Each structure stands twice: as C-alpha cells, then as structure tokens.
Amino acid sequence: MPTWTIISPCEKDYDHPMRMNIFRVMKTVYRMSDSSNEPSAVDEGKHIATLGYAMLQEKPGSPDLSSVVMHFRLCTQSVTQFVVTTSPMQFVDMARNICILIPPCKLTVSAMADIDEFVFMRSTSFRGLNNPVEECDLARRIWQQVQAKRYHRRLLQQEVIGDIIDFACYRTRSPRCSICDSNLIYCNGCQVASCESDNCPGSSEPPLARCGRHQKEVLCFPCFEERGCTAELEKCPECKSWCCTRDISSCNGHPIDIQLIPGLPGSKSVLPKLIVAYAKSARVHSPKRGCCMECELPGWRSCNSTLCWSKTICPECASGGVACLCQEVWACDLCAEYSPGVVIRCPRCDRPFCRSCSYIDECQDCHRAHLCYDCAEEESDVDDGVMMELPKFVASCGRCQAKVCDRCVSHSAFSCAGCSQRLCPSCRTSLCDDCKQWSGSDEESGTGGDTGADLDV
Ligand SMILES: [Zn+2]
Ligand SMILES: [Zn+2]
Ligand SMILES: [Zn+2]
Ligand SMILES: [Zn+2]
Ligand SMILES: [Zn+2]
Ligand SMILES: [Zn+2]
Ligand SMILES: [Zn+2]
Ligand SMILES: [Zn+2]
C-alpha cells in the first residue's frame, strides 16, 4: 500500500502540497477528541501524519478511494492515535476503540476532497519514489497540474473564455494562461494557480502575493492569512509591494548600558567581548519593522561594522552615530567607540575618518592612528606626549598598502603566496599586486592552487 508521511517534525521542509489539507483534518479530529493536543500551526512539529491508499484489485492502476486513510499520532507516541477515512468522513479513536463521524463543515469537506483528488492523480503516475524530497517534488508538480485545470475551469465559469480547450496541455511541465499565454504562478501553500500578469482578467482577486525579488515566493490570500506572523511574505509599509519577510529591514533596538573598557591599543580581546555585550544587553525597544530593500526610510541607517547589534538602525537608535568626514561611512555610536578600525579618530583634532579616507593612517594591527593630514602639517604644535604615542609606520600590506607600526611589525602576519611580501589580515587570501600581475587571471578563476597565503610566523 503506497503511503506517505506528510507531517513529520523531521521532514518539515519538503512542503508537500497536501500538508495544509491534512493539517486541517488533523486539527478537526484533535479538537473533537483530544483538544489539549490540538495542533496550533502546520509547522508546529508535535504530530506525525501519514497518508496512504490501496490500489483496486480488479482495475490495476486505479486507486480505491474508499481506502484513502490518514494516521495521526503525537511524535511522543509510538502507536496510531486516530485513523481517519475520507469516504465516509469519519475517524476511529484507537485508544477508546470508538468510531466518530466528522461533521461536514465546508473547510474539512474541501480538504478531504482535495486529498482524494490528489491520491487519484498521484496513483496514475506509476513512479514509486523512495526519496521524500523527490516524492514531494513530484507531488507538487501533480498538484500544480490539478490547479492549472482548476484555473481554466474558473475562467470557463466566469465566462472569461469560451472555448473548450485541450486539457492535455496541462500535462506539460509549465501550463500557460489560456487568455494571455503568460506563465501560471502557484501559491506555495495550496498551489492554487493564477495568471502571472496582474493585468490579465484571469489573475485571481486579490492577486497572489509574490516577492518582487524572488519570483518563486508566492502565497494566495487565504494561505497568507493562515500563516499569520509566520508568513514568508510581507507588504513593504513604504512602497506597498510584496517582499520576503526576511528581506524587510528591522531595527533590533539600541543596546542599553554597554560598559566596556575601551581596549588598550594593541589588545585584540575587545571584539569577542563586544559581541557578547551586544547579545546580552537589554534593548531600548523590541524589533521594529522598517521597509523593503528597494525603499529608503528617512533617518534609517546601517552601521559600517559587520558586528553591529542591528543590520539596520531606526532614527531613534541612530542618534549619536558617527559619520566620517568624507560622509561615505557611518557607524553607530557603540561600534564607532568600541569596534576597532571602524572609525579612526585623529589623536589631535579627534575628527572621525573611515578606512577608505586617504586622510589618516592607522596601524592595521593595533589600530593606533597617526595624525590626520591637516594636523600633520602643524606637527610642531603637537604635545610631546601625543607625539610619543604616535605609531611609527615601518611596513605596509603588499596589496592595500595598510600600514604596520614598529611595535606590531614583529607579530605574526600573513604573506603573499607568490613573493612572501607582508599582507594585512583583510588581504590575506590574495596575492600582492606584483604577483597578481604575473599570475594573470589565475586569482579570478579561483583554480590556482597557490592563492592562499600561509601564516608566516
Ligand atoms: Zn493571463
Ligand atoms: Zn518598499
Ligand atoms: Zn524575496
Ligand atoms: Zn531602533
Ligand atoms: Zn554599529
Ligand atoms: Zn587631526
Ligand atoms: Zn601597531
Ligand atoms: Zn591589505
């Protein structure tokens, strides 16, 4: 008897097209007989559901729809708790050994009709697949064919089209809209089909939600509603277009009370401590939604430090941030102060510079900065104490020219695999400029085995 496990905590991600329908039936059954274990969401992972059917003996190749059966249990149980049949619509409570009729509410009836139709279509495809990923893939394609037919039937009913069309064309891999010949798109949840073109009269009302950047992320309105805050799509509050939820910017809230002793020049232990401090700190607000990647909200910024406490920062939390003099780089107040090398301050005038400002030099290792070029011109006015603490540069990276001071030059460093020239930590996987010239395109193709630099101790 062919059988599939449709809802299983371990196989969460395959997205079988019957998941939602079986979940609806499961919810009804548990509500009626074991309400404390009623599943709340389809991806909750507390239950296991299998769907199975038998083939007709007398008519090989046709399923016996009276044999369609679902087994439900909690994942903590080893035996089936409920055995559900679609015709008649009923279930057996195995522990109590009683048979209960399922009331024919609209949602459950349509879920069971879909399950029957799916089993029928699946059984005509003789391929037996043992791999659950392939099985789900095939199931999705089969269900898309069913939905493409339903799409066409809807157009006939709405009298948008008049012709009888050849259903055989829905057997092909990608059926097209029978009005405008655009591609059909399918909801990722229930696979309902619609015309890709919003202007086509065949497009569903409301149109399917589809991410502007990821064309495969599609949800119909009912599935969108059903997923609630776990929906993968969200409307950008700014441009009102659909966008993957993971791509909508958000501010995690400025950490409260970060107290770090600014690292002594040369101490490298600041970074891990800073990350821990960010992670542990309370925040001024809970995550606040921003907008999609195409939009810019006034006052929202992103910090130049990759280790910042938030990828994007709302205006409230951005106050106190530091922009470098060239205005190319902005860092939040905390990263500007504690994260080495993000903002470079001149020890005399204290103005902030970024790494790409060719207006100040700092040691790539200990991050001590020299005077900015303006202050360097007035070197004679500088305090002797400040002068003593200025780094003296004695070497530089063979690729980006970042400087190294006399105190750090003897520390371990990376070197060019070609000529052993010194390289800074951010250039360590490259060749130096000279060697790159000779090696031609080797580095770009990534096939040259000699591009990794060794640690030169
Ligand atoms: Zn169309
Ligand atoms: Zn937007
Ligand atoms: Zn997307
Ligand atoms: Zn904020
Ligand atoms: Zn930051
Ligand atoms: Zn200065
Ligand atoms: Zn140094
Ligand atoms: Zn470099």
Side-chain angles (χ1 to χ4, degrees), residues 198 206-219 224 229 231-263 268-345 350-357 362 367 369 426:
D198 283 353
L208 301 192
R210 186 189 203 187
C211 171
R213 298 165 65 90
H214 309 98
Q215 306 277 292
K216 290 210 158 139
E217 295 297 335
V218 182
L219 281 180
F224 173 74
C229 57
E232 297 89 340
L233 290 168
E234 198 171 320
K235 222 172 204 170
C236 166
E238 193 67 4
C239 65
K240 313 285 181 235
S241 58
W242 290 102
C243 178
C244 285
T245 301
R246 61 170 188 271
D247 288 339
I248 297 255
S249 66
S250 81
C251 174
N252 293 339
H254 193 284
I256 306 168
D257 242 11
I258 295 285
Q259 279 173 353
L260 279 178
I261 302 137
K268 289 191 173 166
S269 54
V270 176
L271 274 184
K273 274 191 201 149
L274 185 61
I275 297 167
V276 172
Y278 283 166
K280 281 191 177 163
S281 170
R283 302 299 176 100
V284 292
H285 62 68
S286 49
K288 191 194 281 183
R289 307 301 283 161
C291 63
C292 76
M293 287 164 99
E294 314 293 333
C295 292
E296 258 176 55
L297 288 176
W300 281 68
R301 317 215 56 159
S302 58
C303 175
N304 196 45
S305 164
T306 47
L307 304 169
C308 190
W309 42 271
S310 183
K311 249 178 115 178
T312 44
I313 299 177
C314 74
E316 178 200 339
C317 301
S319 68
V322 178
C324 121
L325 276 201
C326 68
Q327 298 294 320
E328 292 291 314
V329 166
W330 182 88
C332 75
D333 54 342
L334 295 174
C335 294
E337 183 163 354
Y338 297 120
S339 198
V342 173
V343 169
I344 307 168
R345 285 189 185 272
D350 204 38
R351 288 184 301 173
F353 298 93
C354 69
R355 258 181 213 218
S356 50
C357 272
E362 67 159 4
H367 297 288
S426 40

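Please read all numbers here as calculations on a predicted model, not as lab measurements. Order of listing sets the numbers, starting from 1, for every ligand and every atom in it.
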Participant: Would you confirm whether Arg210, through its side chain, and Val218, through its main-chain N or O, come within 3.5 Å as a donor-acceptor pair?
Facilitator: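 It does not hold such a pair.
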Participant: At the Zn ion (ligand 5), what is the angle formed between atom SG of Cys332 and atom SG of Cys308, rounded to the nearest 10°?
Facilitator: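 With the Zn ion (ligand 5) as the vertex, the angle is close to 110°.
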Participant: Answer yes or no for Cys291: is there an N/O/S atom below the 2.8 Å cut-off from the Zn ion (ligand 2)?
Facilitator: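 Given the 2.8 Å cut-off, Cys291 does not count as a ligand of the Zn ion (ligand 2).
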Participant: Less than 4.0 angstrom from a charged side-chain N to a carboxylate O is my criterion; do Glu232 and Arg246 meet it?
Facilitator: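 No.
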Participant: Looking from the Zn ion (ligand 4), what is the angle between SG on Cys251 and SG on Cys314, to the nearest 10°?
Facilitator: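 Vertex the Zn ion (ligand 4), arms to SG of Cys251 and SG of Cys314: 120°.
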Participant: Hey, which N, O or S atom on His285 ends up closest to the Zn ion (ligand 4)?
Facilitator: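 Checking each N, O and S atom of His285, the shortest distance to the Zn ion (ligand 4) belongs to NE2.
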Participant: Can you name the nearest heavy-atom pair linking Cys317 to Trp309, along with the distance?
Facilitator: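 So the minimum-distance heavy-atom pair works out to CB-CH2, 3.8 Å.
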Participant: Can you give me the SG-the Zn ion (ligand 2)-SG angle for Cys236 and Cys292, to 10°?
Facilitator: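 An angle of 110° at the metal.
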Participant: So His254 and Asp333, side-chain hydrogen bond (donor to acceptor under 3.5 Å, both in side chains) or not? Walk me through it.
Facilitator: CA-CA 10 Å; His254 193 284; Asp333 54 342; 2.9 Å; yes
Participant: Any N/O/S atom, side chain or main chain, of Cys295 closer to the Zn ion (ligand 2) than 2.8 Å?
Facilitator: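 Here the distance criterion (N, O or S atom, under 2.8 Å) is met by Cys295, so yes.
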Participant: If every non-hydrogen atom of Ile313 is compared with every non-hydrogen atom of Cys251, which pair is closest and at what distance?
Facilitator: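 Closest heavy-atom pair between Ile313 and Cys251: CA-SG, 3.9 Å.
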Participant: Start with the C-alpha gap between Thr312 and Arg301, add the side-chain angles, then the distance that decides, and say whether side-chain contact (heavy atoms from CB on, under 4.5 Å) holds.
Facilitator: CA-CA 6 Å; Thr312 44; Arg301 317 215 56 159; over 6 Å; no
Participant: Under 2.8 Å from the Zn ion (ligand 4), is there an N/O/S atom belonging to His254?
Facilitator: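 For His254, the answer is no, given that no N, O or S atom comes within less than 2.8 Å of the Zn ion (ligand 4).
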